[in-house]
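Keep in mind the model is a prediction, meaning the values are calculated, not measured.
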2 protein chains.
Amino acid sequence: MNPGVTSLDVARLARVSQSAVSRAFTPGRSVSAETRRRIMEAARALGYRPNAHARSLITGRSRIIGLVLSYLENLFYPVALEALARRLQRDGHHVLLFVNQHPNADDLVDEILQYHVDGIVLAASTLSSGLAQQCADAGIPVVLFNRVMAAGAAGAVSSVRSDNEGGGRALARFLAAAGHRRIAFIAGNEESSTNLERERGFRDGLAAAGLRIWARGVGNYDFDTARRAALEMFARPADRPDAVFVASDHMAFAVMDALRLELGLSIPDQVSVVGFDNVPQAAWGSYRLTTYEQPVAPMIEATVGLLERYLAGAGVPAAENVVVPGALVVRDSARQAPAGAAPARAPGRRRPPARGGRA
Amino acid sequence: MNPGVTSLDVARLARVSQSAVSRAFTPGRSVSAETRRRIMEAARALGYRPNAHARSLITGRSRIIGLVLSYLENLFYPVALEALARRLQRDGHHVLLFVNQHPNADDLVDEILQYHVDGIVLAASTLSSGLAQQCADAGIPVVLFNRVMAAGAAGAVSSVRSDNEGGGRALARFLAAAGHRRIAFIAGNEESSTNLERERGFRDGLAAAGLRIWARGVGNYDFDTARRAALEMFARPADRPDAVFVASDHMAFAVMDALRLELGLSIPDQVSVVGFDNVPQAAWGSYRLTTYEQPVAPMIEATVGLLERYLAGAGVPAAENVVVPGALVVRDSARQAPAGAAPARAPGRRRPPARGGRA
DNA sequence: CTAGTATTTGCATACGTATGCAACGCGCGC
DNA sequence: GCGCGCGTTGCATACGTATGCAAATACTAG
């Protein structure tokens, strides 16, 4: 029966002081080998485990990272969540989950701060900036994952994201090189930084090829909204786009289904579709989606790196905005440039993901 | 600056005792309206929030539920996770996440117990039973989600699952009624209770129609393993199955892709495919998978209900095994019985999910 | 107006651990 | 042999809150 057994009980059994027990369980504290052995033996006999709450009450660190997210149906987030939890666990940290219910964002701040988390990861492309700012004001390091703050409100809020703008540009170049001329765009949440950056890069890339966006719809990062946007966009055969960039893979699947099954279009013969994220499903046979990869592992590594740097040095250093480079992943959902004209088809693995620079 | 401001600071500013502050923040404690107002005002002015760790040190409740899972790529788990977190948040609880790294299951127990969680939800169809037992021995209520313990080790471990056996039986009946005769099965993890129950129900259902499993493969609940199992199973055209039940939707997608795109088979004309779970993707146009729904909302409700009953009454009552009824969801991935012969096609919503009985 | 009760408040202590400080023992070099 | 320094150990206290108990206050009935 574990609860109730305290460091004092262990101390009594091992015939040492309570402090000794505490020190035995704190790496880097000075305890003789013999004493430690006796203590550990007693601890095992009693089934003792240090009480994390008492511990964090003293030390001021909870070894808990708060994670805020809002929409798990887009596989990008579960995958990132799993990677983050695994990575933090390696260093003895753990993830406390907060799901963002829209109306009461303030309550959420309250709840997070009560737990005195060591850091906060905000992983939701759509999220009130106020939340981040409030937490940062409370002196807790905040890392935005897959998102940046609006330019004005700098604050002590860091961010990690992939190269959304570069990705958008690469996709535009890819579509243009394949000879597409009527290229459409289906946006995610129009106010989200991810969408703004991807769209900007995409427009830039098109402009470089002397093109503009042919048609534009809004999918709001939601499966069914994206489906309806696609149906509307492709309603009139006359001025139908011949390619479409959908701002997330998750929406791109909806678009592909709508085009193929509801409108009877053939992909990529009649229309090319490209997405963004490279979630696992993008590799599935039914989609084989050409997309821009957000490299989860390096992004998580950067996120944890930022957090741990904060934890090591007391006080919150200046905010950093890390941009992790992604990579174009070419599959079969989009027509390709005639051989020799454009970037070659990447057959297997893409270039290895590297640690990002700063903005 | 929130950290550092304590109930004592609030007390001083509001000219009351620290106890009064504590009571003002504990619902149900006796404080006069006027005092509470003054306290809350002072608290707001200082940006005070009660320290959850100090609180749980005293009360013995952390308002934290530990959640253990291992594989988030199957959307069933993210969806359940989101529902669980949302539901718990409503009552002021939160989810602390533990990802099961296989080798060191014992370390995991240690980590969980250190946080003195109020309860544990084990949501992974494949997981060492020892973990559950150890936590239960420590006096913490454990609920297995989508899983039961092997018959022998009863213990104080409760469980919530859907009607796997009934689901398997329903799917068998459905396939048999449609006139299939060479009906195959692709298993998940062969030792998992979910797979055992689904397979047993399926065999029963086939037997009732005078049939047996025509061919059997193992997908281990993994996408690519399932794909390979399907390719092998359908390799020889001569004795090819005409229908296959895949033990989870996640694997069923792999199977459908393999059959259609790698073997050129037409679904459901040449072969019917049915799955289990009814994850969101099963409704997507490319799959339109006929499957048996595990009703997430009622399952979560039952899970939280069990936990809260434990928390209300001190001590852990007897273990309960809740079985939530599911429902067949008929779509287009499987041939249907000729009209009038078998259960009619369900066009829209299925019957509303209901609270389960006990086993 | 008084006695009695219900409600509110403060005091003191406890929860389980970490840590500064002083005391102690040991080994080393001179 | 002595003094010095280093590695261990115990003592005492602090972290921020909840709560039993007694004192004080407000309220009701007679």
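Here dC26(C) presents its C1' atom at 16 Å from CD of E34(A), a figure rounded to the nearest Å. Across the protein-nucleic acid pair, R36(A) atom CZ and dT9(D) atom P stand 10 Å apart, rounded to whole Å.
Within 6.0 Å of CZ in R61(B) there are more than 12 heavy atoms belonging to other residues, nucleotides or ligands. With a 6.0 Å radius and a threshold of 12 heavy atoms from other residues, nucleotides or ligands, R37(B) has its CZ atom above the threshold.
A pairwise comparison of heavy atoms in V148(A) and S159(A) identifies CG1-OG, 3.2 Å as the closest pair. For L13(B) against A42(B), the heavy-atom pair with the smallest separation is CD2-CB, 3.7 Å.
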Query raised in the report: Which letter, B, S or -, goes with each nucleotide of nucleotides 14-23 of chain D from 5' to 3', with contact meaning a protein heavy atom under 4.0 Å?
Result: BBBBBBB---

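Here T35(A) lies in heavy-atom contact (under 4.0 Å) with sugar-phosphate atoms only.
Counting heavy atoms from C-beta on, the side chains of P50(A) and Q114(B) come closer than 4.5 Å. Side chains of Q89(A) and L108(B) form a contact here, defined as non-hydrogen atoms less than 4.5 Å apart.
Scored by the ring pair (Phe, Tyr, Trp, His ring centres under 6.0 Å) test, H94(B) finds F98(A), Y115(A) as partners (sequence neighbours excluded).
Across its full length, the helix from dC1(C)-dG30(D) to dC30(C)-dG1(D) shows an angle of 30° between the axes of its 5 terminal pairs at either end, rounded to 10 degrees.
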